[in-house]
Each structure stands twice: as C-alpha cells, then as structure tokens.
Amino acid sequence: MIGMVLAAGAGRRLRPYTDTLPKALVPVRETADGTTSILDIALGNLAEVGLTDVVIVVGYRADAVEERRAALQERYGVSITLVHNDKAEEWNNAYSLWLAREHFSKGVLMVNGDTVHPVSVEKTLLANRGPDILLAVDDVKTLADEEMKVILDGEGRLKTITKLMDPSTANGEYIGATLIEPAAAGPLADALKATWERDPDLYYEDGYQEYVDRGGRIGVAPIGDVPWVEVDDHADLEKARRIAKGH
C-alpha cells in the first residue's frame, strides 16, 4: 500500500501565501529549522503508519513542490512520485484523482492536501480495512452547508455524498481521507472518468457517488472526537495552526 496526497489546488482564499505556493505548502507552524506546511503534516502522518512510497498530485505552482521534493523525502524517509495535473487551475479534483489512477492497484491511503488532522485518522482507516473503499467520517461535528456530507444506508455504507444536502439529514462529514483497496482500482477509475467527462468542475467525491450508483460499496470509518480542519481561508488556517501545535 502507498500514500497519496492531492496537492494540485491553488487556494486563492489564502492569498498572499498562495500567490507563490500551492495550498498544500502554506505554513501552519514555525519551527527552529524552518516552517511546517500542510503537506509536511500529511507526509509525516503517512510515514508514521509505514506508508513510505507516496504519490503527490501537483498542479498549481507545482515547481514549489518539486523544489522541496528532495528535502521532504529526506525529512520523512519517504519516496515521492509526482503526478502532474496541467488543468488544476481550470478543472476540479475529480480529474486530479483520476490522473493518479495507475497507482490505485497498489492500494492507496489518500489524503487531501488542504486538511490538517492527527495521525489517528490514518490509523483508524488502516484498522478498519475491509470495504474496497473506506472513507474517514466525522460523525461528531455540527454540520453546515459547506461541508462534504454523507448519508449512510441501512447497513452503514455510503448512500449519498455531497455538499448539497440539508445538514440535518446527514450522518456526518467526509474529512478528506480515503483508503482505496486494489480491488476498487478499475471501477473507481472508470467512475472518476465518467464524472469529470460529464462535468470537469465536479469533485472526486462525485466520483464516489458515481461508484456507488453503479453498485459499488463504500464503507465509512468514524474518526471519533479529534481535532481537524479543511483549510480553505484564513480563519481555517488559524485553526490549523492551533491543531498543528500538537504535532
């Protein structure tokens, strides 16, 4: 199994940081030897659970990741393969994840490059392996309109995943971490392709919905009451910095 980070996004609401950096490289902690970015935390978490082969999907300001690649490999003891998304500033992330499809057959623990969370999330996913696709879900947090919400079926599997639902009907929020087993490689790649071809502005979570609609089964793993944040704006960044102090 390998690790994967989706780090192609621009993060325009985080300017001026993202004038020169992709969102994943925005610093969340100052240290004696420099700064710690969102990507640093993701790589550290993956390495801690033994996933030392890591694919990073890059796009906006990919050069900044390439420049840091050797240092990141040395710091975390990982081997990094970069997958380039030349449409990262035009299309949404269903296409980004599809571009990394050749790696799905190895088994993948994928995390979003704009999410700060503790390594307990990765450990929870690995401890609950079984479904061909397994999503980390927060079923504790109070939900609002912006979150990527989920509804489960009677067997506790994913029925619906979308931002576009009444929060009161949801069973929780998908937090941007997924375990993909090798058996799901082909069907997931096909579902993602159908999704971005239908509308390149769709999320990869819309690809998960396509996968379910085609009869695929996706499980969920509740992460418990742990601190995490998706970093979209400066208020989120301040929360991320508070969380990062614990790393």
Side-chain angles (χ1 to χ4, degrees), residues 1-11 22-25 38-39 42-43 45-46 51 53-62 65 80-115 117 121-122 125 131-137 147-150 158 160-163 173-214 216-221 230-232:
M1 177 163 284
I2 66 170
M4 183 178 291
V5 185
L6 296 188
K23 190 196 290 193
L25 287 180
I38 301 171
L39 181 58
L43 292 175
N45 287 349
L46 292 170
L51 302 180
D53 289 322
V54 181
V55 171
I56 304 177
V57 182
V58 294
Y60 175 74
R61 296 310 305 256
V65 179
I80 294 174
T81 300
L82 300 181
V83 171
H84 288 262
N85 178 356
D86 61 354
K87 296 186 179 297
E89 294 186 68
E90 306 167 51
W91 292 4
N92 212 329
N93 60 16
Y95 184 68
S96 278
L97 185 54
W98 178 80
L99 286 174
R101 65 197 180 280
E102 68 180 79
H103 300 281
F104 294 171
S105 61
K106 303 168 188 175
V108 172
L109 200 166
M110 184 276 292
V111 295
N112 289 352
D114 63 354
T115 301
H117 61 251
V121 169
E122 283 81 0
L125 286 171
D132 289 346
I133 299 176
L134 184 66
L135 309 186
V137 168
E147 288 87 353
M148 184 62 70
K149 295 171 282 293
V150 301
L158 184 71
T160 307
I161 180 166
T162 181
K163 292 184 177 183
E173 177 183 2
Y174 168 62
I175 78 157
T178 299
L179 193 65
I180 303 167
E181 299 288 357
L188 178 58
D190 290 345
L192 289 166
K193 185 172 189 287
T195 299
W196 67 257
E197 285 184 336
R198 182 170 74 251
D199 181 352
D201 200 36
L202 291 173
Y203 298 99
Y204 72 77
E205 292 92 342
D206 294 302
Y208 291 168
Q209 185 67 60
E210 179 72 19
Y211 181 91
V212 168
D213 291 345
R214 293 178 175 202
R217 294 183 174 185
I218 296 181
V220 302
E230 179 184 357
V231 182
D232 286 327

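All figures in this text were calculated on a predicted structure; none of them were measured in a lab. Numbering starts at 1 and runs along the sequence shown.
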Rounded to the nearest 0.5 Å, how far does [atom2] of [Y] lie from [atom1] of [X]?
X      : Y      : atom1 : atom2 : result
Glu230 : Glu173 : CD    : CD    : 7.0 Å
Ile56  : Ile80  : CD1   : CD1   : 4.0 Å
Lys163 : Asp206 : NZ    : CG    : 10.0 Å
Leu46  : Met1   : CG    : CE    : 11.0 Å
Met148 : Ile161 : CE    : CD1   : 6.0 Å
His103 : Leu97  : NE2   : CG    : 11.5 Å

Side chains of [X] and [Y] in contact at under 4.5 Å (non-hydrogen atoms):
X      : Y      : result
Pro131 : Arg217 : no
Met110 : Tyr204 : yes
Leu43  : Val54  : yes
Val65  : Leu82  : yes
Leu135 : Leu158 : yes
Leu202 : Trp196 : no

Derivation of the side chain to side chain contact (heavy atoms under 4.5 Å, CB included) call for Leu39 and Val5: CA-CA 8 Å; Leu39 181 58; Val5 185; 3.9 Å; yes
Under the rule for side-chain contact (heavy atoms from CB on, under 4.5 Å), what residues qualify as partners of [X], not counting sequence neighbours?
X      : answer
Thr162 : Thr160, Leu164, Met165
Val231 : Leu14, Ile38, Val116, Val229, Asp236, Leu237, Ala240
Ala184 : Asp132, Ile133, Ile180, Tyr211

With sequence neighbours excluded, what pairs up with [X] under the side-chain hydrogen bond (donor to acceptor under 3.5 Å, both in side chains) test?
X      : value
Tyr208 : Thr178
Tyr60  : none
Gln209 : Asp213
Glu122 : His117

Side chain to side chain contact (heavy atoms under 4.5 Å, CB included) assessment of Arg214 paired with Asp190: CA-CA 10 Å; Arg214 293 178 175 202; Asp190 290 345; 3.7 Å; yes
Which pair of heavy atoms, one from [X] and one from [Y], lies closest together, and at what distance?
X      : Y      : result
Val212 : Ile218 : CG2-CD1, 3.7 Å
Leu51  : Gly3   : CB-N, 4.0 Å
Leu192 : Gly207 : CD2-CA, 4.0 Å
Ala7   : Pro22  : O-CB, 4.2 Å
Ile2   : Asp53  : CB-O, 3.2 Å
Ala185 : Ser105 : CB-N, 3.7 Å

Residues in salt bridge (charged side-chain N to carboxylate O under 4.0 Å, His left out) contact with [X], at least two apart in sequence or another chain:
X      : result
Arg198 : Glu210
Glu147 : Lys141
Lys87  : none

Salt bridge (Lys or Arg N to Asp or Glu O under 4.0 Å) contacts touching residues 97-114 (sequence neighbours left out): Lys23-Asp114
Summary of side-chain hydrogen bond (donor to acceptor under 3.5 Å, both in side chains) pairs that have at least one residue in residues 90-100, sequence neighbours excluded: Asn85-Ser96
